[in-house]
There are 2 protein chains.
Amino acid sequence: MHDRGEVAEITKRKILQIVKDLNYQPNLLASTLASKKPYLFATLFPAPPSSDGYWNKPAIGVKKRIQELNQFGVDIQPFTFNQAEPKSFIENAEKILSINPEGIVFAPFFKKESESFIEQLKERNIPFVFIDSEIKLAGQLGYVGQNSYQSGMVSGKLLDLILPEGNILVMHFAKEMDNQNHLVQREKGFYNWFKKNKQTTRQLYTTEISDTSSDIWMDQIVNTIHKKNIKGIFVTNSKVYYAGRLVEKFGWDDMKVIGHDLLRENVLFLKKNLVQFLICQRPEEQGYNSINKLFKYIVQKKGIAKENYTSIDIVTKENVDFYKEF
Amino acid sequence: MHDRGEVAEITKRKILQIVKDLNYQPNLLASTLASKKPYLFATLFPAPPSSDGYWNKPAIGVKKRIQELNQFGVDIQPFTFNQAEPKSFIENAEKILSINPEGIVFAPFFKKESESFIEQLKERNIPFVFIDSEIKLAGQLGYVGQNSYQSGMVSGKLLDLILPEGNILVMHFAKEMDNQNHLVQREKGFYNWFKKNKQTTRQLYTTEISDTSSDIWMDQIVNTIHKKNIKGIFVTNSKVYYAGRLVEKFGWDDMKVIGHDLLRENVLFLKKNLVQFLICQRPEEQGYNSINKLFKYIVQKKGIAKENYTSIDIVTKENVDFYKEF
DNA sequence: TTGCATTTCGTGTTCGTACACGGAAAAAAT
DNA sequence: ATTTTTTCCGTGTACGAACACGAAATGCAA
């Protein structure tokens, strides 16, 4: 009998001894069948700007695992927030609290707002796992995502490898860089690869583009690219297709481009040889694994690994077809 | 009620209509709990020569999935055969038949012997999935493994990329090449990448080494390497460490080596920069997935995808650490 | 129509666990 | 010692589907 308190200490110990002796394994099937208790999970991800946006992908993995687990009475309620508005994060966090789920997966995109959310989760004893980026030692059940610094190293190595000569431009397509923690980490890793491995014959430059609503951002970039003899571009997130469009528009056929994530348009550029490598982090798998962590801990009551760094996949024209299916 | 025949056609249709209307989903928990039927699976893999051998890895994945499924009454009985002796394949195939499992995963290493095995499996209606290599249209439930030809293409691209000048040697470490179908495929893909993408300024050579019991094989290789100005080596299977030892022994520090699979010793050479890239096919995941295919089909009675090409992972010093865990 | 074989269908029990409930035992109060 | 209260523990029913078994319905032949 498991911990409902109404047992004498002596018999309890006796029973536990027998349990050990017989190596008793509770039958999960019978258990969940009998309990008939529904489990509700919630996710809080950034809202993807389009149906092709990056954040659809973790959601796909989430949905898949939930479907597999619906036999166990596990259900999901997804929430999203606007990447540009911390307020929407707070609002949706509150919505989540109001439905009182047994477990949560979320992306701690805004640090301060996430921390206050975490406070409330701890009060209510609701376990949570981070996805994509993480806050260290915040009491999370675990983290599912990539090691951004190391993936930056990989990008550095690859871009250097394919670049006979010329300088490099690191491009951040993002607003509010301070919060986009992993973009900064990737940049660091990228720079450090050159510091460690090369006696720096190349120059590295960094630029931030926050507004891509029209093509005016290109003008300034074109300028630097010519002035600084840029021959390689590293895009720190999934907006590689912007760089692809740029290269295509101006017909720079010796420009080498590298970036992140297998969005449809990115893959198109990869196949057209306008982008040479894409670094991929299997976002669907991350979504899948994050739910699985909750399930194992909450339903199966098993211990789980805390950190779950997904692989840093190097994707190129020749192997991309084997990454697209899930 | 599901197909035990003793129902009137009319009521059957009525019932099925209601089933549809209510969108009835059978409860797998209750179902397997009530049936209490044990499922026995069997695997037939090549016997790994040591505890570090390649074929331990699929077995790890198999074991993991089996453990997760032991609640469902799924058990496994593993068999192995000697890669050098078709007879041992036959012997173990017969052993498998004698225990009469509900499903089988095996590597169709010897074509002829596999085909006669398949005949018998079909007679008994035992579903089977291929792992690692496949025989097309043999009535298998599915295939889990890599597209060898395409992985050869990837190797070609990478080796070309890192090689400023010089010629290339393709090394097969294997006996009985005729049966090792995927090694040939990899070689083909490798050659074809150069044919398609390069106006061949490089020469490509191929060699087979069947006996590595002592180091005498090296003598002849050293000879060709010098004569032919070999600067790059592609090992078509997991025996990359042999090439690594060679390079280390003779101190060729401009030799670039590329090969397959994350064996412990291969990774060591990778970290020492004596091997530049390893192509990896997630063998543990393959084992895991192959069992999962059997489970879904046999226990859950769901349809499954036939082909399951695993990704062609490009592994280098910088990202290897994120591939080792499973 | 009757008797018998065959087909079709409903019911009861079972799988291993959860949880509620009531009774026995122990402790406390009178 | 008796009653009341509290603590502890055994038993019964339920979860949803599988399967066996027997009853009912039907078909068939005489």
Between dT17(C) (P) and Phe72(A) (CZ): distance, integer Å = 14 Å
Is the NZ or CZ atom of Arg282(A) both under 6.0 Å from the centre of the six-membered ring of Tyr323(A) and within 45° of that ring's axis?
-> no
Salt bridge (Lys or Arg N to Asp or Glu O under 4.0 Å) contacts in which one or both residues fall within residues 90-100 of chain A, not counting sequence neighbours | none
Atom CG of Asn70(A) to atom C1' of dG16(D): distance rounded to whole Å?
-> 14 Å
Do Phe41(B) and Val74(B) come within less than 4.5 Å of each other through their side chains, counting heavy atoms only?
-> yes
Are the aromatic rings of Phe110(A) and Phe81(A) close, with centres under 6.0 Å apart?
-> yes
Please test Thr310(B) against Gln146(B) for side-chain hydrogen bond (donor to acceptor under 3.5 Å, both in side chains), starting from the C-alpha separation and ending with a verdict.
-> CA-CA 5 Å; Thr310(B) 46; Gln146(B) 214 173 41; 5.2 Å; no
Give the rounded distance in Å between these two atoms: NZ of Lys37(B) and P of dA17(D).
-> 18 Å
Write down the protein N/O and nucleotide N/O pairs, taken from nucleotides 13-16 of chain C, whose separation is under 3.5 Å; answer none if there are no such pairs.
{"unit_1": "dC15(C)", "atom_1": "O2", "unit_2": "Ala34(B)", "atom_2": "N", "d": "3.4"}
{"unit_1": "dG16(C)", "atom_1": "N2", "unit_2": "Ala30(A)", "atom_2": "O", "d": "3.4"}

